[in-house]
Amino acid sequence: MVNKIAVIGSGLMGAGIAYVSAWNGFTVTMVDIKQEFIDKGMERLRTDVMTGIDKGKITMTEAEGLMSRLSATVDLEDAVKDADLVIEAIFENMDVKKEVFAKVDDAAPAHAILATNTSSLSIDELATATKRPDKFIGMHYFSPVPAMKLLELVIGEKTSEETIAAAESVGTTQGKKTVIAKNSPGFIVNRLLMPVMRESILMLERGEATKEEIDNAMLQVGKAPAGPFTLGDFVGLDIAYNAMSTLYREIGDCFKPPDTLKNLVESGDIGMKSKKGFYSYGPDVVEPEAPKGADPNWIVQRLNIPGVREAMILVDQDIANKEDIDMAMKLGASWPKGPFEMANEFGLDMIREFLTKLEAEAGSCYSLPKYLG
Ligand SMILES: NC(=O)c1ccc[n+]([C@@H]2O[C@H](COP(=O)([O-])OP(=O)(O)OC[C@H]3O[C@@H](n4cnc5c(N)ncnc54)[C@H](O)[C@@H]3O)[C@@H](O)[C@H]2O)c1
């Protein structure tokens, strides 16, 4: 039974995880390396509390209760010594994370579960820093943590059933919907987002459609909340590029970042935060390219079917089940429908035919997954 949670790292994710934990009744200690980082994290957390109060989600009394369950320290050993669950949310660096987990493993009680919020590192490798790989798990929250409903639980080779059940229960208490993915590059959401983003950029590079046509088609016909170029600019092209590069390194050429993306990142045009990415957000008005006249229905099929194919590969590889994949994409990536719901709409015969034709034209990145028989 988890009562006390230690959150390591008081940055964007750590402060959010501490907030949803204390808000939902857990006793929480947040740790960082310097008092100034803790102060920043506490400030972020207080802003979340104030937003909750402003929106009428939290009463003043509840906010006081939340804050009374929360403490913060720079002393890692002290923070984890009586924790039932430790959630790590520090920099995305394998060596630094392993060093921290070795210390946590020594200082935490034997029963404590150790979790990482890594977006891209191997759970199995991180677990080797500890003597309790059965009690090691990925708890991958999405940003902003208070608002995003999804929690991907990432299961290592040695993660026990008890550990999974305990993490599931904590996630549910925190108000999250949990899905399960076996340890694999990109888990569910990042793995499926990347083919769609990549195909959009390749379509642009081939001159088949303009970015405005692609974004409008995905918005109006695909019913996505934002087109891929607007979304990329919003999330940050550096983040998209890093996520795609990790998959390229670990899975292979079908995830190779297109040159257009690489060049934008290398020139510092990383989206809204730098005022320029695929689109310009500065004062200078950039005239859109003349439309190519591409059929919006074709655009949506051509971009979504590679995402659906990747979802089928996850099932083929026994990484996740269809229901969890559909839920993960709807809650974690705001897809209007899950990939298997899309597949039902397109029809499996249509997808088979579409991919067979694409494979003949463009190669094995479009081969039929086993799922399609
Ligand atoms: N930002 C996102 O959208 C997002 C989403 C999902 C997962 N993640 C993952 O969450 C983790 C944290 O990301 P973030 O965006 O919150 O980063 P961040 O830079 O906002 O915060 C990281 C915090 O960790 C602290 N830290 C570093 N080393 C430490 C140590 N040894 N002990 C204690 N604290 C330490 C830093 O001082 C900093 O305050 C990363 O693994 C990232 O991949 C991020």
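Remember, it's a predicted structure, so these values are computed and weren't measured experimentally. Order of listing sets the numbers, starting from 1, for every ligand and every atom in it.
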(message) Go through it in stages, so that I can follow the logic: the residues are S367 and E359, the test is side chain to side chain donor-acceptor pair (under 3.5 Å), and I'd like the CA-CA distance, side-chain angles, deciding distance and then a yes or no.
(response) CA-CA 6 Å; S367 62; E359 186 183 7; 4.9 Å; no
(message) Within the 3.5 Å criterion, strictly below it, is a donor on T118 or E92 matched to an acceptor on the partner's side chain?
(response) yes
(request) Look at ligand 1 and say whether F142 reaches it with a heavy atom at a distance under 4.0 Å. (result) no
(message) For atom 41 (O) of ligand 1, what's the nearest protein heavy-atom neighbour? Residue, atom name and distance, please.
(response) E92 OE1, 2.5 Å
(request) Starting from atom 10 (O) of ligand 1, find the nearest protein heavy-atom neighbour and note its residue, name and distance. (result) N117 ND2, 2.9 Å
(message) Using a strict threshold of under 4.0 Å (side-chain N to carboxylate O), is an ion pair present between K40 and E36?
(response) no
(request) Indicate, with yes or no, if the rings of F278 and F229 have centres closer together than 6.0 Å. (result) yes
(message) Could you check, using the six-membered ring where one of them is a Trp, whether F101 and F136 have ring centers closer than 6.0 angstrom?
(response) yes
(request) Below 4.0 angstrom from a heavy atom of F37, which ligand 1 atoms are there? Numbered from 1 as shown, please. (result) 37 (O)
(request) Write out the residue and atom name of the closest protein heavy atom to atom 31 (N) of ligand 1, then the distance separating them to 0.1 Å. (result) V100 CG2, 3.3 Å
(message) Quick test of your reading of the structure: of G16, G41, G236, A89, whose heavy atom lies closest to atom 22 (C) of ligand 1?
(response) A89
(message) If I apply the N/O under 3.5 Å rule, does T118 come out as touching ligand 1?
(response) no
(message) Please check whether E88 reaches ligand 1 - meaning an N/O of the residue sits under 3.5 Å from an N/O of the ligand, judged on distance alone.
(response) no
(message) Return the closest protein heavy atom for atom 37 (O) of ligand 1 as residue, atom name and distance.
(response) D32 OD1, 2.6 Å
(message) Only heavy atoms of K97, strictly under 4.0 Å: list the atoms of ligand 1 that pass.
(response) 40 (C), 41 (O)
(message) For the residue pair D269 / Y279, report whether a side-chain donor-acceptor contact shorter than 3.5 Å exists.
(response) no
(message) Side chain or backbone, does Y141 bring an N or O within less than 3.5 Å of an N or O on ligand 1?
(response) no
(request) Among all protein heavy atoms, pick the one closest to atom 30 (C) of ligand 1 and tell me residue, atom and distance. (result) I33 CG2, 3.6 Å
(message) Between E157 and K182, does any side-chain N to carboxylate O distance fall below 4.0 Å?
(response) no
(message) Quick one about K322 and Y371 (side-chain donor to acceptor, distance below 3.5 Å, no hydrogens or angles considered), yes or no?
(response) yes
(request) Kindly state if atom 24 (O) of ligand 1 has a protein heavy atom within a strict 4.0 Å cut-off, that is, under 4.0 Å? (result) yes
(request) Show which atoms of ligand 1 fall inside a sub-4.0 Å distance from at least one heavy-atom site of G11. (result) 16 (O), 20 (O), 21 (O), 23 (C), 39 (O)
(message) As an exercise, identify every atom of ligand 1 less than 4.0 angstrom from a heavy atom of S119.
(response) 6 (C), 7 (C), 8 (N), 9 (C), 42 (C), 43 (O), 44 (C)
(request) Identify, for atom 1 (N) of ligand 1, the protein heavy atom at the shortest distance, and state residue, atom and that distance. (result) L12 CD2, 3.6 Å
(request) Give a yes or no on whether a salt bridge exists between E77 and K103, defined as a side-chain N under 4.0 angstrom from a carboxylate O. (result) no
(request) Before accepting this row, confirm whether a basic side-chain N of the pair D105/K131 lies closer than 4.0 Å to the acidic partner's carboxylate O. (result) yes
(request) Write out the residue and atom name of the closest protein heavy atom to atom 2 (C) of ligand 1, then the distance separating them to 0.1 Å. (result) M13 SD, 3.7 Å
(message) Heavy-atom distances under 4.0 Å decide this one: backbone, side chain, both or neither, for I8 against ligand 1?
(response) side chain
(request) Hey, can you tell me if Y19 and W23 have their rings parallel, tilted or perpendicular (30° and 60° cut-offs)? (result) parallel
(request) Identify the protein heavy atom lying closest to atom 28 (N) of ligand 1, giving its residue, its atom name and the separation to 0.1 Å. (result) I90 CB, 3.8 Å
(message) For H140, which part has a heavy atom under 4.0 Å from ligand 1: side chain, backbone, both, or neither?
(response) side chain
(request) Would you tell me whether D32 and S10 have side-chain atoms, one donor and one acceptor, within less than 3.5 Å of each other? (result) yes
